[in-house]
Amino acid sequence: MGITLKQYKTSNVIRLEGAVDIAAAAEFKKLLLQAFGSGKAVRVALHGATDLDVTAVQLIWAARRTAQGAGVAFTFSGALPDSVSSTLGDAGLQQFLVPLRAS
Amino acid sequence: MISNADQFKIAFREEGREVLVDLESALLELNVSRSDAELVGRVFRALHTVKGSGAMFGFEDLAAFTHNLENAFDEVRNGRLAISSELIDLTLSALDQIRAMLEEGEAGTTQADPFACAEILAKVRQLTGAPEKQSAGGRPAASETSNEAGCEAGSVTGAGIDAGETREWSIHFAPAPEFMLNGTNPLLLLRELGQLGELSARASMAAVPPLSELDPERCYVSWEMVLVTAVKRDAIRDVFIFVEDSCELTIEAATSSASSADSIPEREQGLSAARTPAAAVSAADLAAKALEDRRATSGGRRAYDAPDNASSLRVPASKLDQFVNLVGEMVTVQARLSEIAAQRDDAEVAAVSEEIERLTSSLRENSMNLRMMPIRATFEKFRRLVHDLARDLGKNVELTIEGADTELDKTVIDQLGDPLMHLIRNSMDHGIEPPDVRRARGKRPTATIQLSARHAGASVLIGVSDDGGGIDADAVQKRAVERGLVAAGAQLTESETFALLFEAGFSTAKQVTDVSGRGVGMDVVRQRVDSLRGSIDVCSKPGAGTRVTLRLPLTLAIIDGLLVNIGDACFVLPLQNILECIELTPADIERANGKHMANVRGEIVPYIRLREHFNIHNLRPKIEQIMVVQTEQGRYGFVVDQVLGNCQTVIKNLGRFYRHVQLVSGATILGNGTVALILDPERLAQDAVRAISHRARGRAAGAALRDRA
């Protein structure tokens with residue numbers, strides 16, 4: 001459970017599980033840095049996440065910028081539960097969960 | 001070490017206590033003015049704040065329990081439920097439980113009673129006609145009610161709190177970086193805000209650093225929001241009440257009035273556009289850039305660090321005490337420096353010493369001001385006591401408060417609770433008559449107790465007055481004779497008679513009740529006032545009522561005094577009591593025929609030679625000094641050898657060993673390191689009067705014996 005990183009030939013996948021909040025933030029950051037370290041595309045699998053707080057969204061936004069700088073793709077798979085999407089949407093945060101295709 | 005989350009829980013507790021005090025006082029006012037919509041709004045808003053903030057800081061039980069009360073007052077607001085004594089009493093009982101939940105885990109506090117909670121909720125639901133919905137043990141399950149709170153609170157929307165004209169508010173909310181470290185979730189705040197009306201939020205990520213530099217537990221996001229709501233600014237601010245110190249918050253009325261979101265100008269288009277992801281990022285970034293510019297000040301400091309944004313700070317009392325103690329030490333050292341400077345013929349040292357003296361004096365004044373706080377909260381908490389006691393005693397009593405903004409030292413305020421409680425209980429039990437008796441005496445059936453505070457020089461006067469039956473001075477004297485406190489047939493003045501009320505175990509009550517009658521309460525009042533170096537004055541008119549006035553010093557830490565000496569011993573007399581100093585020459589003594597009387601511009605003032613009073617035996621100077629002081633016993637002179645000058649005196653406790661020494665209120669360390677005792681003029685005068693009357697009685701008894709012989 002928690003956040004895991006799976007490294008494939010062409011991409012790295014970070015799988016989110018359960019509540020991705022401040023308690024998980026340090027681990028999430030570590031895995032994101034690890035994922036980008038290989039220079040491959042990074043995909044975040046959202047379907048296991050039951051909650052995303054502000055720390056998670058700002059990490060994802062910072063990761064997107066890193067991907068942009070490195071010229072690698074940063075994408076998402078799966079969907080967040082409706083209640084989480086709605087909370088993030090109401091707080092104006094949903095717009096920052098935007099994929100970045102490889103340049 | 002206390003974690004951040006615990007620190008914020010502590011902060012929530014402190015703020016929560018204040019909200020509950022306000023809530024209690026609003027409820028009690030509402031009990032009197034039942035149709036006051038403003039008061040209903042105040043109660044509702046306070047409950048809403050406690051619920052919302054409680055949930056945010058992890059007090060789920062408290063939030064869930066409060067939610068039910070909030071619903072009840074929502075019904076009241078909407079005119080579906082009338083205010084009744086039952087609802088007020090239930091809500092007051094519920095407040096006690098909320099208070100217990102708030103304090104849970106704190107040492108020495110009682111836990112909330114789940115059965116009492118269940119009973120209260122059942123009764124509240126009975127009143128509102130709401131369906132049963134609770135878990136075993138009385139407290140609704142947290143998850144169930146959090147959800148319930150979330151959903152149902154939504155129904156509050158629109159109708160709003162303190163509903164008025166629909167307006168558009170522009171809200172800027174930027175949490176401090178550490179905001180989330182204590183468990184605070186900004187999304188919950190936004191959700192709560194959304195319950196107040198129609199909310200459009202735009203988040204900014206402009207402050208988010210590159211991934212490698214990002215501290216994952218810090219909050220870098222800020223929000224610009226538009227809220228269209230009928231609630232007032234205070235209700236919006238209340239959402240942030242517990243986090244105001246850790247965020248940057250501005251709430252501005254965007255336009256004068258808006259009936260719907262359609263009338264929101266271009267800004268709304270931007271917000272709508274922001275919901276389209278691709279366009280959103282750039283639009284949001286542009287806005288965020290502007291926002292960041294606004295937040296940054298010179299030197300990169302964020303605006304919430306700016307002093308004008310932090311209008312007040314919450315500081316633990318212990319830190320303040322420590323600070324005042326240090327200032328006290330500083331005053332002592334400064335006195336020593338002044339003395340050394342005076343001994344040396346060095347202009348430079350003298351100049352520095354004078355400058356330090358000026359600064360220390362200013363530091364002392366400022367530090368004393370830090371400890372000053374209004375007495376309002378202490379007074380307000382007695383509304384509940386009066387309400388409950390009136391109900392128990394079957395009397396109608398209203399409490400009025402005057403001078404609640406009067407400020408005095410926190411240490412004094414902390415010790416005032418018990419004496420005031422005993423005085424009020426005494427008034428309500430013995431002073432105030434039952435309604436039928438009042439009617440028969442031509443009085444209003446509803447009696448009044450007034451708590452008042454006002455400054456009088458370096459003292460503050462706290463008054464407790466009632467319009468009850470007054471004190472029966474004859475009964476007091478009779479009881480005093482029975483107890484052997486005064487001789488039968490003794491002629492006592494009014495103040496001497498009323499002073500007997502404060503003797504330990506003294507009571508004129510025919511029967512002991514739950515409220516009073518054991519003769520303990522007034523003794524507690526006297527002891528506490530004595531320990532505060534204060535005095536008590538009682539004024540009573542039969543049939544009209546009683547007024548008890550406590551005269552207390554404004555501060556207990558440092559006083560201005562006059563340094564005097566008798567032989568080698570130094571003493572300090574508090575400056576506030578001293579009227580003037582005059583010389584006592586051998587000629588004056590001769591003119592008075594050796595009697596201890598001085599003629600002060602035609603007025604005869606009795607004096608006490610402290611040298612004799614304290615048994616100091618060394619040589620008396622030819623010319624002595626009389627310090628004329630004003631005491632409750634009248635004007636007295638205290639004769640000393642020399643007046644050495646003014647001094648700022650840090651009061652040191654004499655310690656437990658000397659706690660029974662009555663004539664001295666403390667000690668201080670002088671600049672040269674010696675100790676000077678601080679004299680208590682009131683006690684000295686009382687002691688002298690007692691000694692004189694004792695001698696007079698002795699002389700009279702001697703004369704009587706001689707006559708008989």
Side-chain angles (χ1 to χ4, degrees), chain A residues 3 12 14 16 19-37 42 44 50-70 72 74-76 80 83-101, chain B residues 4-5 147 150 173 175 177-195 198-226 271 273-285 287-288:
Chain A
I3 307 168
N12 292 328
I14 294 177
L16 305 183
V20 187
D21 54 18
I22 191 164
E27 180 66 11
F28 191 16
K29 180 191 167 182
K30 191 184 89 181
L31 294 181
L32 280 169
L33 285 174
Q34 222 173 307
F36 282 111
V42 176
V44 178
T50 55
D51 194 13
L52 239 66
D53 78 351
V54 172
T55 60
V57 178
Q58 61 191 22
L59 272 169
I60 289 172
W61 181 245
R64 188 183 185 279
R65 282 205 207 138
T66 304
Q68 204 166 15
V72 297
F74 180 69
T75 55
F76 301 94
L80 289 168
S83 61
V84 178
S85 289
S86 145
T87 304
L88 294 179
D90 289 347
L93 289 172
Q94 181 76 40
Q95 52 170 313
F96 295 102
L97 305 180
V98 192
L100 180 80
R101 305 290 164 196
Chain B
N4 276 324
N147 186 26
F173 169 52
E178 300 79 18
F179 192 83
M180 295 182 71
L181 285 171
N182 51 64
T184 316
N185 187 347
L187 298 185
L188 292 181
L189 284 173
L190 264 64
R191 185 195 287 172
E192 204 185 331
L193 203 58
Q195 288 166 9
E198 194 179 323
L199 180 74
S200 305
R202 180 164 56 193
S204 164
M205 290 281 175
V208 176
L211 184 61
S212 56
E213 292 166 24
L214 183 148
D215 180 339
E217 292 178 348
R218 289 186 160 230
C219 181
Y220 300 96
V221 186
S222 61
W223 283 268
E224 292 293 338
M225 293 171 277
V226 174
L271 288 169
R275 292 193 185 113
T276 324
V281 177
S282 54
D285 276 356

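Each chain gets a letter, A, B and so on, in the order the sequences are listed, and its residues count up from 1. Just so it is clear, the structure is predicted and the values come from calculations on it, not from any experiment.
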Is any side-chain heavy atom of [Y] closer than 4.5 Å to one of [X]?
X	Y	result
A:L93	B:L187	yes
A:F74	A:T66	no
A:D21	A:D51	no
A:I3	A:V20	yes

Report task. Starting at CZ of B:F173, measure out to OG of B:S204 and round the result to the nearest 0.5 Å. Result ->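 Going from the CZ atom of B:F173 to the OG atom of B:S204 covers 13.0 Å.
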
Region of [X] that comes under 4.5 Å of a non-hydrogen atom in chain B:
X	value
A:L52	backbone
A:F28	neither
A:L88	side chain

Query raised in the report: In terms of heavy-atom pairs under 4.5 Å with chain A, which of B:E213, B:R218, B:E217 leads?
Result: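 Top count of heavy-atom pairs under 4.5 Å with chain A: B:E217.
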
Report task. Pick one of side chain, backbone, both or neither for B:L190, based on which atoms fall under 4.5 Å of a heavy atom in chain A. Result ->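 When you check distances to chain A, only side chain atoms of B:L190 fall under 4.5 Å.
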
Query raised in the report: For chain B, which of A:A24, A:G92, A:A91 has the most heavy-atom pairs under 4.5 Å?
Result: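 Looking at each option in turn, the highest pair count goes to A:A91.
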
